[in-house]
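Proteins come first, then strands; the chains are lettered A, B, ... in the order of their sequence lines, and each starts at number 1.
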Amino acid sequence: MADFFYRTEDIKPEEVSAYFVESAHDRTIIDALKNRNPTILVGSRGVGKSFLLRVAQNELTKDFEENRVFPVYMTFVRSSLLQSSDPAQFKHWMLARICSAISRSLTKSGIAANLPNSARVLLGSTNAAENPSKLELVADAYENSWRNPGESIDASQVPVIDDLKEALEDLSESLNIKRFVLLIDEASHIFLPEQQRQFFTLFRDLRSHCITCNAAVYPGVTSFGETFQPAHDATMLSVNRDTQSPEYVANMREIVEKQADSSILRNIATNGRNFAILAYAASGNPRLLLKTIASAPKVNSIEINEVIREYYRADVWSEHSLLADKYKGHRAVIDWGRQFLETNVLPELKSKNDQYVAADKATSAFIWVHRDAPEVVKESLRVLAYTGVLSEQDSGIKASRGEIGTRYVVNLGCLFALESVPASTAFDIARGLTPKRMTEFGANHSAFKSLLEHVERIEPQSASAMLRAQLGRGIDVLDLSVWQKGKLKHLELHTVGDVFNASEEKLKEASYVGPVRARQMRNAAVAAVLEYLSG
Amino acid sequence: MSLQEHYKGLLKKSGELQEAMFSDHDALAAFTIAHNATDDLEKLIAVVADRPEAELMRLAMRELQFGLLAASFAHYRHAYISTRLFMELMLGAIHFSAFEIKLRKWMRNSQDIVWGSLIDKENGPFATSFIAAFSPDFSQHGVQFLAIAETVYRECSEYVHGNMSTHHKPYEPLDFDKAQLIEWADRLRSVRLTILFAFIA
């Protein structure tokens, strides 16, 4: 199977641009990330949020000498690991992470061989030579607190926001930096609303003439806290690709061209329609396309039919259902969403499309949900958007009775998976789509009843119980290759926690794993664990 | 052992390796497809036999024959070297078909075939404007076939440059390697496709 990079974290930051295929919307996003107004990127897993943050970082770095705008990339993916006794642990951890990311970036860039005194706030001490800095150690301590839940961590060196802002203003003067641009990835956990509130409060507060904050979040992150107002305090941009755009298939093909070998590219050229089906099925998500093309390298009809059936009927849903296992308190909402789509939405759309295609009419992949639908239903749809099975298109859409609601588009691959021979019919469905045809679900639609009847008051599980349960899962839940999992099992690393704890030295014990491969494996394993833990 | 005996021994060994390839069903199938590509390309050259660039194309075909011969003897690196040269000469001929003066200079040894010119997005044989001048219906596809050409050229170049990953079992005696044979034949298929496109477009 082709060895593609599926995650931005697996690509060296300075090499990201080599894999970049720019669309007009991508350019809009990157320019927004670079300019002085805060931007929040919203998108489901695998659409390319991290990638765009890195491209913006690289461009700002390249132009720094001229523009003096300094980018700092950081990820909050480890936020789910915090288990200390500190009631303000998330806020302290965020501030410690931001400080250490800025100081590390400044040091690495060579702008300042030794950070000036004003940087001591970022370091947590006056000793600039300490590596790692005190604040980095504090952040690490919070991230390791899952090993000893309830442990006490000394956060006395963590600055308050005003001190941090002042320090950055002083630094900007002494280092001739016009503006710091913070690029915060995986900014907030989808199932931890309290973290979301604290994050957006910090996001709002950390703003000055020399600081711009940008963040990438998943759909479903909706708890903004009391001071942050999405309409006023940031530009909210959705990371998506319009499957109906004339350039869509070519754009997705170029993404594959950056990584595929000549054999796959040749097969794409000689099976253009089949490739287009895979591209449409991915619904604008590069990770989905790369994974499915890796499973269908011959791009012939047999492979297309098989991969559409296997991936979009089984694999995509198993990822969604994994959430229910991880977050038992949200099980009813998660499971109902799957059932709603599989039982109500997709069959309805298929039935309509069968008639439309036969009559040579436009087809549909859209649903409309009344704005007064129960909140718990909307929550369920947000979780579906998180996995990428559904995507919110537009709110404020008038439906057939003049009622207002939100239009969503289903993942086209899930729609194609219902076809008996996707390779024969999917292309016409994809090319004939119109948003004007949408299946409507009113505020009190009968399909919502089962959720309303069964959902109990959602009691969030304690974070530590959730984490313990997840760390105890077998390694098969991790998004690693078969070879990698085999090696880990051979080393008696059977659970998610085992893998997370394993050192590079441990990995080198496996045969045919030298230092470079051990590092790669550990990075891949840790990234997979963090992705799994972050939901 | 005399010099003649040494080299005759190598020739005999090459024959044995060729026989091993012929005896493997999958390898023979892949090699046959590769060999048959010469027929297609000879037919194309026959169409333009009166044109000045036909001579360059015949030189390219000779390199393809060397590549096939090398592959049959399990000299895989040399098969890739010849394949890459074949690709450069054929695409060079197609490019020169629009620039006769460059062809004439090449034939007088005062012009090189430069790979960078062949993959130039504005002026090379895969460029949209270049194709549009001859076959407007194909012009939008140039970028796709350019990507295939660049990728397969890079894959061949790894062998030309002796990249570490191309040294298979370097300390063992030369032997027929089915996987390598099939991979090389697959690369040749990609080369053939890009040449066919460039020729027709």
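- Ring pair Tyr312(A)/Phe416(A): centre-to-centre distance not below 6.0 Å.
- Aromatic ring centres of His95(B) and Phe99(B): separated by under 6.0 Å.
- Two rings, from Phe134(B) and Phe138(B), have their centers 6.0 Å or more apart.
- Contacts from residues 254-270 of chain A to chain B, taken as heavy-atom pairs separated by less than 4.5 Å, involve Glu257(A), Ala260(A), Asp261(A), Ser262(A), Ser263(A), Leu265(A), Arg266(A), Ile268(A), Ala269(A), Thr270(A) in sequence order.
- Between the side chains of Ser23(A) and Arg241(A), not a single donor N or O lies within less than 3.5 Å of an accepting N or O.
- Neither the backbone nor the side chain of Tyr153(B) comes within less than 4.5 Å of any heavy atom of chain A.
- Most heavy-atom pairs under 4.5 Å with chain A, from the set Asp186(B), Ile148(B), Val152(B): that is Asp186(B).
- Side-chain contact, Thr166(B) with Arg77(B): a donor N or O sits under 3.5 Å from an acceptor N or O.
- Proximity to chain A (any heavy atom under 4.5 Å) is restricted, for Glu155(B), to the side chain, taken from C-beta onward.
- By the 6.0 Å contact criterion, CZ on Arg431(A) is open, its count of non-hydrogen atoms from other residues, nucleotides or ligands being 12 or less.
- You'll find the ring centres of Tyr280(A) and Tyr248(A) inside the 6.0 Å limit.
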